[in-house]
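Reminder, nothing fancy here: chain letters follow the sequence lines and each chain counts from 1.
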Amino acid sequence: MPVVQFFNTLSREIEGFVPRQEGRVAMYVCGSTVYAPPHLGHARMAVVFDMIRKYFEFAGYDVTFVSNFTDVDDKIIARAQEQGIPAAAVAEKNITIWEENMRRLGVALPDIAPKATAHIPEMLEMIRVLIEKEYAYIVDGDVYFRVDAIPSYGRLSGQKLEDLQVGARVLPGEKKKSPFDFVLWKAAKPGEPSWDSPWGAGRPGWHIECSAMGVHYLGMGFDIHGGGSDLIFPHHENEIAQAEACMQSEPFARYWVHNGLVKLDGEKMAKSTGNFVSVSELLQEHTSQAVRLLVAQTHYRKALDFSSSLIAEAETAVERLGLCRDRLVAAGVGMPASAIQETSLYEEVSADEKAMSAFRAAMENDFATPGAVAALFELVKRANTLLEAQDPDLEALAGAARAISEIDRVLGVVPPAKHSEGDTALLPELMQLLLDVREQARAQRDFDLSDLIRDRLDEVGIIVEDTPQGTRWRARRRQTPGL
RNA sequence: GGCGGCGUAGCCGAGUGGCCCAGGCAGAGGUCUGCAAAACCUUUUACGACGGUUCGAUUCCGUCCGCCGCCUCCA
């Protein structure tokens, strides 16, 4: 089994990955607070960890992937009150939208997608222990975690409590003993969803759910904890403090992986400022493959500055991938349709070893998807070159096709073969008819007519190409209007 | 104020102490073609500034300039 190396936020170094249990990866990725539909930032996070997960699977690991939904919090409650519906309904609706968006993005379902509200007992138990061990205190039905009880607090984010205090925004009238203490349990206010607890009715604070669910499903010391880099402080820091204090053992998670954020035309994408693109919006204009390619072309730890021209470029590149796949299928070396929905996929590859080893080397070097993409395009060029030959070497072609397919199981950027889907069964026959007519016109050098046919077909989205091997046609994948 | 990141050819974006290369998009020329498209080939004096280390730095160190993120909810 290969040694995968990647950057561990905890050590700030690239480390060789040694799993807790030979051949297995237990990973937890912070999902979303479902008060609104996901935006591109969520999509990047999901796609990044989807590729990481699929690479581990490709490399032969047995992966357990947990990603949660935060389905109770202030914003959800606020939305519910605005709309005059129950908070649970807001959460439920957005979970459905999330799942639909992820499906369209080719993001595999987590093995477990726990909801916070379904794990209240685990959280209560954790809070109970924390109070008992005096890591937490009760004020008017709220329960707070005492940050200064943890000497190592700040290790993940490189923050020191003293330094933080300099710039801290201390709110007056706080019930907390220290501004960095954080809430484990919030006393219920009228009209809010609440659960019974030994400290009175209330609901959990944000951080406790991930500690409780992480420990519950994966156990202390699981392999990888991931999320957006904006979660490093304080969310992940707090998760660590709670879990390790409660369980009296460490570490909570052994490797921490954080993806960079998405910017929109140079500014941070954030719902609060209205500066964001929703996933639904994006997928209305663009293919999921283009979105995934866009994500894969930038290293996951760097900021990704989104713009309409970038996604348009990605769309063009995806078109190139799709054309190659179509030609391979037409050449009879059939590439299986993109397997981005599959999750179990380790197979010995013998196709184009050079590209495959470049792909592996890239992925095992801190999940360098840009290098993986380069390897993929090298294979496409190779396949296209082979296809140019009068009498293509089918064996070599099959090898290239196979390698492309293998890489794409992880990346999920090659569109499915055309012709095989959608449309009506009659279309190929009608097309043949039109092309036959056009061919006769051309034979008689009636180019006015032949061009008319081609132009009119182009208007309805069908592209006709004359090649040395004969005339072929294809449907245009997607219009790419400027955003 | 504290912590962290980034600055690479027209654009996006990898990478490396010297040797021959990322990759994508765009542009130019060519092959093919009635034309076009696709594909392939070729091509466009890249490494923010200034010092230092070194036989040699875009790559290591320092300073500076510029941009950005986190420190409050946030993927």
task: Carefully, step by step, assess A/Tyr153 and A/Phe180 under the rule ring pair (Phe, Tyr, Trp, His ring centres under 6.0 Å).
output: CA-CA 10 Å; A/Tyr153 188 82; A/Phe180 299 102; 7.8 Å; no
For [X] and [N], what is the distance between atoms [atom1] and [atom2] respectively, to the nearest whole Å?
| X | N | atom1 | atom2 | value |
| --- | --- | --- | --- | --- |
| A/Met51 | B/rA75 | CE | C1' | 16 Å |
| A/Met269 | B/rG69 | CE | P | 13 Å |
| A/Phe359 | B/rA22 | CZ | P | 22 Å |
| A/Asp50 | B/rA75 | CG | P | 18 Å |
| A/Arg44 | B/rG69 | CZ | C1' | 12 Å |
| A/Lys268 | B/rC73 | NZ | C1' | 9 Å |
| A/Ile407 | B/rG23 | CD1 | C1' | 12 Å |
| A/Leu10 | B/rC3 | CG | C1' | 15 Å |

- prompt: How long is the span from the NE2 atom in A/His42 to the OG atom in A/Ser278, to the nearest 0.5 Å?
  reply: 11.5 Å
task: With RNA chain B as reference, determine whether A/Phe377 or A/Asn365 sits nearer its 5' end, using the nearest nucleotide of each.
output: A/Asn365
message: Assuming nearest nucleotide by heavy-atom distance, tell me which of A/His42 and A/Arg12 is located more 5' along RNA chain B.
response: A/Arg12
- request: Establish, from distance only, whether the side-chain atoms of A/Asn384 and A/Glu388 form a donor-acceptor pair under 3.5 Å.
  value: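 Side chains of A/Asn384 and A/Glu388: no pair found under 3.5 Å.
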Which part of the nucleic acid, if any, lies within contact of [X], taking any heavy atom under 4.0 Å across all strands shown: a base, the sugar-phosphate backbone alone, or nothing?
| X | result |
| --- | --- |
| A/Thr33 | sugar-phosphate |
| A/Gly41 | base |
| A/Gly154 | nothing |
| A/Leu231 | sugar-phosphate |
| A/Val29 | nothing |

- prompt: Do the ring planes of A/Phe58 and A/Phe359 sit parallel (below 30°), tilted (30 to 60°) or perpendicular (above 60°)?
  reply: perpendicular
message: I'd like to know if A/Asp142 pairs up with A/Lys186 as an ion pair, taking the criterion as any Lys NZ or Arg NE/NH1/NH2 lying under 4.0 Å from an Asp or Glu carboxylate oxygen.
response: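 Salt bridge absent between A/Asp142 and A/Lys186.
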task: Answer yes or no: is there an ion pair linking A/Arg472 with A/Asp466, defined by an N-O contact shorter than 4.0 Å?
output: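 Looking at A/Asp466 together with A/Arg472, the answer is no, because their closest N to O distance does not fall below 4.0 Å.
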- request: Inspect the surroundings of NZ in A/Lys93 and state if more than 12 heavy atoms from other residues, nucleotides or ligands are less than 6.0 Å away.
  value: no
field: Atom CD of A/Glu395: over 12 foreign heavy atoms under 6.0 Å
entry: no
message: Using a 3.5 Å limit for the pairing distances, which stems of at least 3 consecutive Watson-Crick or G-U wobble pairs does RNA chain B take part in?
response: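 RNA chain B forms these stems: B:1-7 with B:65-71, B:10-12 with B:23-25, B:26-31 with B:39-44, B:48-52 with B:60-64.
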message: Quick check with a 6.0 Å cut-off and a 45 degree axis cone: is A/Arg53 positioned over the face of A/Phe65's six-membered ring?
response: yes
field: Cation-aromatic face contact A/Arg12/A/Phe7, 6.0 Å, 45 degrees
entry: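 A/Arg12 over A/Phe7 ring: no.
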message: Please pick, from B/rC73, B/rA26, B/rG2, the nucleotide with the shortest atom-to-atom distance to any side-chain atom of A/Gln159.
response: B/rG2
For [N] and [M], measure between their [atom1] atoms and round to the nearest Å.
| N | M | atom1 | result |
| --- | --- | --- | --- |
| B/rU45 | B/rC40 | C1' | 26 Å |
| B/rA37 | B/rG29 | P | 12 Å |
| B/rG24 | B/rC41 | P | 10 Å |
| B/rU8 | B/rG52 | C1' | 22 Å |
| B/rC61 | B/rA22 | P | 24 Å |
| B/rG66 | B/rG56 | C1' | 29 Å |
| B/rC67 | B/rG48 | C1' | 11 Å |
| B/rG17 | B/rC60 | C1' | 8 Å |

query: Excluding sequence neighbours, so at least two apart, what forms ring pair (Phe, Tyr, Trp, His ring centres under 6.0 Å) with A/His207?
result: A/Phe182, A/His235
- request: Please say which of A/Phe367, A/Tyr300, A/Trp256 ends up in a ring pair (Phe, Tyr, Trp, His ring centres under 6.0 Å) with A/Phe6.
  value: A/Phe367
So which protein nitrogen or oxygen atoms get under 3.5 Å of nucleotides 6-14 of chain B's nitrogens or oxygens?
{"residue": "B/rG13", "atom": "O2'", "partner": "A/Gln297", "partner atom": "O", "Å": "3.3"}
{"residue": "B/rA14", "atom": "OP1", "partner": "A/His299", "partner atom": "N", "Å": "2.9"}
{"residue": "B/rA14", "atom": "OP2", "partner": "A/Lys302", "partner atom": "NZ", "Å": "2.7"}

query: Excluding sequence neighbours, so at least two apart, what forms side-chain hydrogen bond (donor to acceptor under 3.5 Å, both in side chains) with A/Ser11?
result: A/Glu15
- request: Please list, chain by chain and in numerical order, all residues satisfying side-chain hydrogen bond (donor to acceptor under 3.5 Å, both in side chains) with A/Lys75, sequence neighbours excluded.
  value: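 Here no residue qualifies.
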- request: Please determine if a side-chain N or O atom of A/Lys160 lies less than 4.0 Å away from the OP1 or OP2 oxygen of B/rC71.
  value: no
field: Where protein sits on nucleotides 33-40 of chain B, one letter per nucleotide: B base, S sugar-phosphate only, - none, heavy atoms under 4.0 Å
entry: -BBBBSBS
